[in-house]
Amino acid sequence: MRAPVGLVLVSHSVLLARGVHELLAELAGDVTVLIAAGTEDGSLGTGYDPIARAVRGAAAGGAGALVLADLGSSVLTAALVLADLALPDTALADAPFVEGAVAAAVTAAAGARSRRSWRRPSRPATSASAKKLSHLGL
């Protein structure tokens, strides 16, 4: 059986990414979730090479990879990596980092295992912020 869609968490903060990773492991333990966070010296930031390695690793299962990024420059760097790699079935989610990652992981665990279904995790991830705002009455 093909592995579920892999996820990549791109964050400026290793601690933030590890926290989200821990949450996803509890909710969707069979989904590959890789982290590309912080800089080589442990500072806050992001980098092209760690993101590229994580995307390749997450997509290695054959069903593709969905990338979730925390803030502006991580979004820009992740988009550049995806454009340069041009791997099939990879995308950057337009979603809030935590809620989007949870929605994507649960959806992937529920069956997004084929090239035709890989986009399913991006739909709930993208709509997560709208649902949250609606719930809050905003």
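Bear in mind the structure is a predicted one, so any value in this text is a computation, not a measurement. Below, all heavy atoms of this structure are taken into account, side chains as well, without hydrogens, waters or symmetry copies.
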With a 4.5 Å cut-off on side-chain heavy atoms, are Val102 and Leu23 touching?
yes
Spacing of CD belonging to Glu26 relative to CD belonging to Glu22, to within rounding of 0.5 Å
7.0 Å
Nearest heavy-atom pair of Ala109 and Val31: which atoms, and what distance?
N-CG2, 3.5 Å
Nearest 0.5 Å, what's the OG1-CD1 distance between Thr46 and Ile51?
5.0 Å
Working note: Leu44 + Thr39, criterion side-chain contact (heavy atoms from CB on, under 4.5 Å); need CA distance, chi angles, decisive distance, verdict.
CA-CA 6 Å; Leu44 294 176; Thr39 62; over 6 Å; no
Tell me which donor-acceptor pairs under 3.5 Å the side chains of residues 52-73 have, and how far apart each pair is, sequence neighbours excluded?
residue	atom	partner	partner atom	Å
Asp70	OD1	His12	ND1	3.0
Asp70	OD1	Ser74	OG	2.8
Asp70	OD2	Ser11	OG	2.7
Asp70	OD2	His12	N	2.8
Ser73	OG	His12	NE2	2.8

So which atom in His21 and which in Leu9 form the shortest heavy-atom distance, rounded to 0.1 Å?
N-CD1, 3.8 Å
I'd like to know if Val98 and Val106 are part of one continuous hydrophobic network [Ile/Leu/Val/Met/Phe/Trp/Tyr, side-chain heavy atoms within less than 4.5 Å].
yes
With sequence neighbours excluded, what pairs up with Leu76 under the side-chain contact (heavy atoms from CB on, under 4.5 Å) test?
none
Heavy-atom side-chain contact between Phe97 and Leu16 under 4.5 Å:
yes
Applying side-chain contact (heavy atoms from CB on, under 4.5 Å), name anything that partners Leu80, two or more places apart in sequence or on another chain.
Tyr48, Asp84
Can you confirm whether Leu34 sits close enough to Leu7 that some side-chain heavy atom of one is under 4.5 Å from a side-chain heavy atom of the other?
no
Hey, what do you get for CG (Leu24) to CD1 (Ile35), rounding to the nearest 0.5 Å?
9.0 Å
